[in-house]
Amino acid sequence: MAVDQRAGTRTAELQAERERLVARGIATAPLFVERAHGARLTDVDGREYIDFVGGIGTLNGGHTPETVVAAIKEQAERYLHQCYSIAQYEPFLEVCRRLIACHPGTGPFKALLVNTGAEATENAVKIARYHTGRQAVVCFENAFHGRTLLGMTLTSKAMPYKKGFGPFAPEVYRAQAPYPYRGIGTAEALASVERLFKSQVDPSAVAAMIYEPVQGEGGFHPATEGFVEGLIEICAKHGIVYISDEVQSGMCRTGYPAAVARWGCEPDLCTWGKSMGGGLPIAGVTGRAEIMDSVHPGGLGGTFVGNPLSCAAAIVALDQVLDPAYQEASRAFGDKLRGRLEDVASRVPAIGEVRGLGAMLAIELVEDRETRAPAAALAGRTIEIARGRGLILMGAGVLSNVIRILVPLVATDADLDEGFEILEASLREASAA
Ligand SMILES: Cc1ncc(COP(=O)(O)O)c(C=O)c1O
């Protein structure tokens, strides 16, 4: 990304320090935050930005929600850390109670708290392997499940997530995922799973299948009608544990605590993270009690899992997610966002498709609507121009030609008016370049 070279600015100074101190491998934008609230943040030079990224879907409830901040402060006065394996505490149980309520179906379910989405992936697979006594895992094209060894193995984008990091974890098999805009529908994707079972791995060796009901990093692809239902049917037939990765799609981003509920499906396990902590790091796995309880005591855990401060924040965030009025408001917000994006698309020919579910939406950029040739450079230029104009955007997609919208659900009409105006102007300027 281009560096802000405005000589003498605090941003330029800090960017130089960043280059001296911080490993190159973390991709960064030349933007240093001073403070943030709602859907807006202010940088160290006093510039204000509308935030359409929300910490990559981690701030569905907005920056610094008052209730979350108050809960963290109150908890900080009592105790900061215990390690749940050494001394237990009630907020951990209260988060589990609420996370279980987010899991679609009637249960009984149990929960495990961890620190990050990648850890949730790792633990879900560990639990499924233990439960089934099998090793193989089936994942999908366009997937993203984290940056740990198994997480990046399950992920389906080589650059930047896999290049140079092999060898990868064994026993991972990949099937097609629906991508109707590029010709893959429910039938093709389900057939690819059956083909995999003939050509690469016998289903009796498969412990788990993991799928994001709305694929995030891979390009904001919602499951097509019948796809998740079909996967769950296949899993039930072969005794495979079905894992719904809700790390990005969960927590009311799509109008439901778990996006998979949109299709009325009941996964065996769900992985959670991002907005679950209202801005603090916490993640989890929920699932059928008999599967979750397969593992012996001591087989799961970690020093910081369910940190008390994160639990205090998560209780507030989860109460909101479980509130039917909030779910309804999220769906209405999603409709509003889609309307705005379609409006922009009606005037900007580079937008090939507007897609997503609820408020988890994206635009796929193309060189030409007929050929659908992906316009990755255009996406990159648009993001940079938008930042210069005061709007934070982020890309997505295996082809790097998607711009995702994860604006906090608390954004006001004024935030949206300004943000979409900048988005359209930036797309036009980038298209003209
Ligand atoms: C669907 C999905 N799963 C897992 C992860 C990994 O989460 P984390 O970055 O917290 O490890 C992400 C992160 O973007 C994600 O989008």
Side-chain angles (χ1 to χ4, degrees), residues 25-28 53-60 99 102 112-126 128 137 139-157 160-162 165 169 172 174 177 208-223 228 242-254 256-260 262 267 269-287 302 304-307 310 313-314 317 356-362 394-398 400 402 404-406:
I26 304 188
T28 53
V53 179
I56 321 187
T58 301
L59 299 164
N60 289 350
L99 203 55
C102 291
L112 166 74
L113 302 185
V114 291
N115 301 290
T116 64
E119 248 187 279
T121 301
E122 296 276 344
N123 280 282
V125 171
K126 276 171 72 172
V137 184
C139 59
F140 292 85
E141 293 289 339
N142 317 317
F144 185 89
H145 299 292
R147 291 171 178 272
T148 52
L149 177 59
L150 180 61
M152 74 173 167
T153 304
L154 293 167
T155 289
S156 117
K157 190 172 178 180
Y161 303 123
K162 303 174 87 141
F165 296 139
V172 169
R174 193 176 308 283
M209 184 179 280
I210 183 165
Y211 177 66
E212 303 153 74
V214 184
Q215 294 181 308
E217 185 60 37
F220 278 45
H221 306 284
V228 181
Y242 183 79
I243 305 168
S244 187
D245 182 339
E246 298 283 350
V247 169
Q248 194 162 159
S249 59
M251 299 295 134
C252 263
R253 187 72 226 168
T254 68
Y256 305 86
V260 73
R262 153 69 180 76
L269 300 181
C270 284
T271 54
W272 308 94
K274 290 194 182 273
S275 282
M276 167 185 170
L280 262 62
I282 188 165
V285 182
T286 54
F304 285 112
V305 299
N307 171 268
S310 297
L357 179 66
M360 185 170 176
L361 292 168
M394 190 188 181
V398 174
S400 304
V402 173
R404 62 179 109 184
I405 309 291
L406 289 169

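Counting from 1, the numbers follow the sequence of the chain as shown. Every number for a ligand or one of its atoms is a count from 1 in the order of the listing.
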Quiz prompt | Under 4.0 Å from ligand 1 - residues by heavy atom, chain and number | solution =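 Within 4.0 Å of ligand 1, protein side: Thr116, Gly117, Ala118, Phe144, His145, Gly146, Glu212, Asp245, Val247, Gln248, Lys274.
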Quiz item: With Phe304, which residues qualify under ring pair (Phe, Tyr, Trp, His ring centres under 6.0 Å), at least two apart?
Solution: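 So Phe304 forms a ring pair (Phe, Tyr, Trp, His ring centres under 6.0 Å) with His81.
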Answer yes or no: is there a side-chain heavy-atom contact under 4.5 Å between [X] and [Y]?
X	Y	result
Asp245	Gln215	no
Phe140	Glu212	no
Val398	Glu141	no

Quiz item: For Ser275, what residues pass the side-chain contact (heavy atoms from CB on, under 4.5 Å) criterion, not counting sequence neighbours?
Solution: Asn60, Met251
Exercise. Just jot down the salt bridge (charged side-chain N to carboxylate O under 4.0 Å, His left out) partners of Arg262, sequence neighbours excluded, or say none.
Key: Glu225
